[in-house]
Amino acid sequence: MSAARLIGMDSDTIPVPLLHREDMSLKSAHRSIAIATAALLLASCALPSFAQVEGERVAISSAHPIAAIQDTETPAQRDARMAWWRDARFGMFIHWGLYSIPAGTWDGKQIPGIGEWIMNRASIPVAGYKALAAQFNPTSFNAHDIVALAKSAGMKYIVITAKHHDGFAMFDSKADPFNIVAATPFHRDPIRELAEECRKQGMKLGFYYSQDQDWTAPGGAAYKTGNHDLPSHHWDPAQDGDFATYLHTKAIPQMKELLTNYGDFPVVIWFDTPTPDMTPALAGEIVALLNQHPNLIWNNRLGGGYKGDTETPEQYIPAQGYPGRDWEACMTMNDTWGYKSYDNNFKSTETLLRNLIDIASKGGNYLLNIGPDSKGVVPPAEVERLHQVGQWLAVNGASIYGTNSTLFGPEAGSFSTTEKDKEGKPKFIPSWNWRSTTTADKIYIELFTWPNGSFHLDSVPRTVASAYLLADPKHKPLKVTKTGGGVDIQLPAKALDPIATLLVLNTK
Ligand code: FHN
């Protein structure tokens, strides 16, 4: 029986296994009963929540053992708390850890899948994996350069893996010795160095923390890959133990460290891969901690029925965003989050920019990943693309930061009448001619395809007073002709940018 069924989720909330997310673990019948009991208390309030890996749904509930800030704040308080994040639109995700040493290869074999999952995918024993720490000496890591890279790309916040599923803390932790300061020859705390640099350079900093999966701490959860056995999906007896004990002795103490040792940071806690191990009661203990930091933003991946602040579509852009919900699409530049030496399948700058614009036009944020190598060097292909994205934003950023979603909609594409998506629903086929973002007195039209002569809108819900191209330093007025409820804007013969030229409509 799937874990989801055991905890009484309705059919709308059963996680659909995908890729590495092949199954979820329950460690014992005893725990199943506890989860089922908790679920019975909450089942009447279950609401579906979407947006993690495409096709997957997780259960959320409107009743919680410990109320979270999202349950108690007023809409105005929420708007104030989310304001900087909504304006930011573009952030840097950093996946960096011990997995950057094997970089996708173990025992001479290239291990399929994402690089940071190598311990699980190659069934590396705990002791063998932990031994990597003695080799980890990323002397080329430079917090100044990484923050400057994010700035040059036009990113407004950074979220770094403080601890990924491998259990290795990339920060100074007194709660657990398997960390970068205590267990490596590096002896430095990159999280502290990044926090200091972010403060200097005016960047916001958030921490990713794998609260549920931990493959090196006894009792930590593990998703199934390959032939890892039920009920725990562990591959080494050293992983066996009690989940609540893991949470009480490692995860919660480490989250306390992260929430108290870095001054005004983190501004975001980015949870990941919740399993049924995270009962509403256990998640409530984490929420009690989060509640002590009332400005914090946290995502929908805590588990235990909490919806958090943000939907987190991963590696895809939803057809219409999530009206009424904050959301952030996280994506890789190649096909891995953690560094893999032989993954060169990088997306083009055009694709990255189109993604950013598409996401902004639907009211979301873009969290774009970099994966530094074992020396702390960011792959040059990533640096190059980020600089190019930043060059576009330096000219056209007004159409992205602090904007709202489109007033139109059909320009994004349409649903196929024949093809189905991963959930069996009509597949969304994007169209790549243009997108639109808005502010109170402007409509921005991001033109991917340059129209011949003029750009036409059938209907505009505002009065268009004038128009110009954002990349034109003189903002020379373009001829605007009213046509019924719509407008025609006369354009020059050539686009000003090969990827996206911004047509700005001043509106009343
Ligand atoms: O398993 C992780 C994965 O390694 C990576 O961290 C991504 C980022 O969103 N989250 C999980 C998969 O959903």
Side-chain angles (χ1 to χ4, degrees), residues 15-25 49-58 91-100 102-104 111-122 124 129 157-170 206-216 220-226 228 233 251 268-275 277-278 297-303 308-318 327-340 343 347 355 359 364-372 382 422:
V16 178
L18 283 169
L19 300 172
H20 55 278
R21 196 172 289 224
E22 290 166 30
D23 200 355
M24 287 192 167
S25 67
S49 176
F50 313 98
Q52 293 190 21
V53 177
E54 191 170 13
E56 180 189 73
R57 299 179 179 204
V58 291
M92 173 183 275
F93 216 174
I94 306 179
H95 276 69
W96 191 40
L98 291 184
Y99 38 80
S100 62
I111 307 299
I114 41 185
E116 71 282 6
W117 271 70
I118 192 164
M119 179 180 177
N120 189 318
R121 297 295 296 248
I124 302 172
Y129 191 84
Y157 61 107
I158 293 175
V159 178
I160 182 166
T161 47
K163 185 198 83 159
H164 203 264
H165 311 328
D166 64 356
F168 180 71
M170 290 290 286
F207 302 151
Y208 170 110
Y209 190 86
S210 178
Q211 78 287 2
D212 201 321
Q213 290 201 80
D214 190 313
W215 305 328
T216 49
Y223 277 22
K224 175 177 163 60
T225 65
H228 298 159
H233 303 142
V268 168
I269 289 274
W270 217 97
F271 295 114
D272 208 358
T273 62
T275 76
D277 290 331
M278 190 64 80
I297 292 169
W298 46 280
N299 67 4
N300 65 343
R301 299 190 184 196
L302 170 61
D309 292 308
T310 55
E311 295 295 304
T312 52
E314 177 169 324
Q315 302 286 37
Y316 73 100
I317 302 173
W327 65 278
E328 178 187 62
C330 55
M331 295 195 189
T332 50
M333 274 198 244
N334 48 0
D335 293 326
T336 182
W337 303 91
Y339 179 71
K340 271 181 101 168
D343 182 341
K347 296 170 186 73
N355 286 347
I359 289 164
N365 282 14
Y366 190 26
L367 188 63
L368 182 60
N369 187 69
I370 62 165
E382 297 178 355
K422 288 178 178 163

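When a ligand or atom number is given, it counts from 1 through the structure's own listing order. Numbers here are sequence positions counted from 1.
- Heavy-atom contacts of T273 reach the following atoms of ligand 1: 1 (O), 11 (C) (cutoff under 4.0 Å).
- Contact annotation for H164 and ligand 1: only side-chain heavy atoms (C-beta onward) come within less than 4.0 Å of the ligand.
- The contact set between ligand 1 and W117, taken as ligand atoms under 4.0 Å from a residue heavy atom, comprises 1 (O), 2 (C), 3 (C), 4 (O).
- Ligand 1 lies less than 4.0 angstrom from a heavy atom belonging to W270.
- Per-residue contacts place Y208 under 4.0 angstrom from the following atoms of ligand 1 (heavy atoms of the residue considered): 6 (O).
- For ligand 1, the atoms lying closer than 4.0 Å to a non-hydrogen atom of C330 are 9 (O).
- Between R301 and ligand 1 there is a heavy-atom distance shorter than 4.0 Å.
- A distance-only check finds no donor-acceptor pair linking the side chain of T310 to the backbone of T312 [under 3.5 Å].
- Distance OG1/T336 to CG/N369: 8.0 Å, rounded to 0.5 Å.
- Between the choices H165, E314, M331, the shortest heavy-atom distance to atom 7 (C) of ligand 1 belongs to E314.
- Contacts of S210 classified as side chain to side chain donor-acceptor pair (under 3.5 Å), with partners at least two apart in sequence or in another chain: H165.
- Taking the centre of each ring, H164 and Y209 stay at or above the 6.0 Å mark.
- Taking a cutoff of 4.0 Å between a charged side-chain nitrogen and a carboxylate oxygen, E314 and R301 qualify as a salt bridge.
- A donor-acceptor distance shorter than 3.5 angstrom exists from the side chain of N299 to the backbone of F271, with no hydrogens or angles considered.
- Less than 6.0 angstrom separates the ring centroid of W337 from the ring centroid of F93.
- At least one N or O atom of E116 sits closer than 3.5 Å to an N or O atom of ligand 1.
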